[in-house]
Asks: 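Mind looking over this structure? Questions follow.
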2 protein chains.
Amino acid sequence: MARSTRDRPAKAPLSRDAVIAAGMTVLRRAGLDAVTMRAVAAELDTGPASLYVYVANREQLLNEMFDAVAREVEPGPEPDAARWREQLEALLTRVRDAMDRHPGIARVPLANIPTGHGAMRIVERMLGILRAGGIPEQSAAWFVDCVFLYVNAASLETSIYVESGLTEDVAAGTRERFEQIDTAEYPLLASMTGALFSGDGDARFSFGLRLMIEGLRHVKTSAR
Amino acid sequence: MARSTRDRPAKAPLSRDAVIAAGMTVLRRAGLDAVTMRAVAAELDTGPASLYVYVANREQLLNEMFDAVAREVEPGPEPDAARWREQLEALLTRVRDAMDRHPGIARVPLANIPTGHGAMRIVERMLGILRAGGIPEQSAAWFVDCVFLYVNAASLETSIYVESGLTEDVAAGTRERFEQIDTAEYPLLASMTGALFSGDGDARFSFGLRLMIEGLRHVKTSAR
DNA sequence: ACCTGAACACCGTTCAAGT
DNA sequence: ACCTGAACACCGTTCAAGT
């Protein structure tokens, strides 16, 4: 035995919450791909088999972790008819920010529909804002679905760079390939490279969000 | 030796294209997760090590396969100023259809920005349609980015059911959990379960697409 | 009841050795 | 030059055996 038990705090007893917390630590430190059952177990000074007492499998653990991220999102002020658009954009931006603090977590709600309380609380608040804005029920329902696809995908795109650890190099590399494209075959693409790569993540994310929010005023659902 | 070489056609010589084609066969049959280097090699009657003569690694193989899917997309008629909205929606719907025929492939353009010719050809056509519609350059550029996030995520959502092979059961299971939610805590969610689950994939996809397309007329980019 | 060592059936990738 | 058997360093999950 290398260390006496007095060298460090008594090992916390395992529990479902401890497993999820350990998963969150690994997630924040190294991204979703690094959240292996073995890595989470190591974080708890135990072996991977021990985790199966508290979670059914890796997929369930990741779902719990996603809900923990969702619970970090501040629902914000009560829906206000006069400010519904900015409330909506602000709420969805907070969702993205929470996911961006946990690289790769956006893959989880894209792999199966979240049903945890954290996620439901956000959807409930979004529906409240949409109702305050006078959006018809069917439009509001489908909007929630569509806009989360966008938000999740946007967060995932950001995490590519974070998870690969390069940030600058990857972006520069793809930009380079775009600058070498065949001007004759893709004239528009070639002439618009500047516009395609301009703007930071926030400006681009906000643009897409506003596209969908403004669209709500002008698009009817096809459902009867 | 179990079979003489006359029992079957001469084994096709390996090549980069053969590796990609074998990957596509596995993809269509069993989804992206099933496209392992070992499965692709087995499809070619060889071992996984042999593939590395033609592709650098699994990631590169998947990128090539995504571009093969992109090349299946019909660019459609020349951009027409009078019909730019429907042309745009039709093109993006064809993109989704092509991806839906290859379950899980949408994860590839979400994991790294595509730079192949198949993808570029589609972007070039989209930019042409947007220009015909009189959309400013910066809006068009950001729109392409945003709308592909949405299209990729939407295709991925569909493939959840296809890849898990259940289709009906998974959808019914999540719906069931929604019908049991706490009416007091989530009154809107509870009262709108019907609206949230209504509509087939096509109607919902089209709704989100039209949100973004209509939004183009009303949202300005923040870039100078 | 709770925990876990060891094993099983997989992965992607490398490399020395073959033809 | 092209191909590949065998190995390496990983995975998620199970289960018999321990306490």
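What you see is a predicted model; the values in this text were computed from it and never measured. We name chains A, B, ... by the order of the sequence lines, and we start the count at 1 in each one.
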Asks: So, using side chain to side chain donor-acceptor pair (under 3.5 Å) as the criterion, who are the partners of A/Thr25 when residues are at least two apart?
Replies: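 Side chain to side chain donor-acceptor pair (under 3.5 Å) list for A/Thr25, sorted by chain: empty.
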
Asks: Applying side chain to side chain contact (heavy atoms under 4.5 Å, CB included), name anything that partners B/Glu59, two or more places apart in sequence or on another chain.
Replies: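 B/Glu59: side chain to side chain contact (heavy atoms under 4.5 Å, CB included) contacts with B/Asn57, B/Asn63, B/Asn112.
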
Asks: Mind calculating the distance between OH (B/Tyr52) and P (C/dT13) to the nearest angstrom?
Replies: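 From B/Tyr52 OH to C/dT13 P: 4 Å.
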
Asks: What is the distance, to the nearest angstrom, from the CG atom on A/Leu51 to the C1' atom on D/dG12?
Replies: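 These atoms are roughly 11 Å apart.
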
Asks: Taking only residues two or more places apart in sequence, or in another chain, which ones meet A/Ala154 in a side chain to side chain contact (heavy atoms under 4.5 Å, CB included)?
Replies: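 Per chain and number, A/Ala154 pairs via side chain to side chain contact (heavy atoms under 4.5 Å, CB included) with A/Phe205, B/Leu149.
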
Asks: Only Watson-Crick and G-U wobble pairs, only distances under 3.5 Å, only runs of 3 or more: what stems does that leave for DNA chain C?
Replies: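 DNA chain C forms these stems: C:4-8 with D:12-16, C:12-16 with D:4-8.
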
Asks: Take the protein atom CG of A/Leu14 and the nucleotide atom C1' of C/dT4, then report the distance between them rounded to whole Å.
Replies: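 From A/Leu14 CG to C/dT4 C1': 11 Å.
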
Asks: Quick one: list whatever passes ring-ring contact (aromatic ring centres under 6.0 Å, His included) with A/Phe143, sequence neighbours left out.
Replies: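 Partners of A/Phe143 by the ring-ring contact (aromatic ring centres under 6.0 Å, His included) criterion come out as none, since no residue qualifies.
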
Asks: Can you name the side chain to side chain contact (heavy atoms under 4.5 Å, CB included) partners of B/Arg101, sequence neighbours left out?
Replies: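 Result, side chain to side chain contact (heavy atoms under 4.5 Å, CB included) vs B/Arg101: B/Glu72, B/Asp97, B/Ala98.
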
Asks: Each nucleotide N or O in nucleotides 5-10 of chain C that has a protein N or O under 3.5 Å away: list the pair and distance.
Replies:
none

Asks: Could you tell me how far apart B/Asn57 (CG) and C/dC11 (P) are, to the nearest whole angstrom?
Replies: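 B/Asn57 atom CG is separated from C/dC11 atom P by 17 Å.
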
Asks: Output all residues satisfying side chain to side chain donor-acceptor pair (under 3.5 Å) with B/Arg204, sequence neighbours left out; order by chain, then residue number.
Replies: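 With sequence neighbours excluded, B/Arg204 shows a side chain to side chain donor-acceptor pair (under 3.5 Å) to A/Asp145, given in chain and number order.
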
Asks: Atom CZ of B/Arg58 to atom P of C/dG12: distance rounded to whole Å?
Replies: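 Checked: the CZ to P distance equals 6 Å.
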
Asks: Just by distance, no angles: are the side chains of B/Arg177 and A/Thr115 close enough, under 3.5 Å, to form a donor-acceptor pair?
Replies: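 On atom types as modelled, these side chains qualify, holding a pair under 3.5 Å.
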
Asks: Please identify each residue that fulfils salt bridge (charged side-chain N to carboxylate O under 4.0 Å, His left out) with B/Arg94, with sequence neighbours left out.
Replies: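 If we apply the salt bridge (charged side-chain N to carboxylate O under 4.0 Å, His left out) test to B/Arg94, skipping adjacent residues, there are no hits.
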
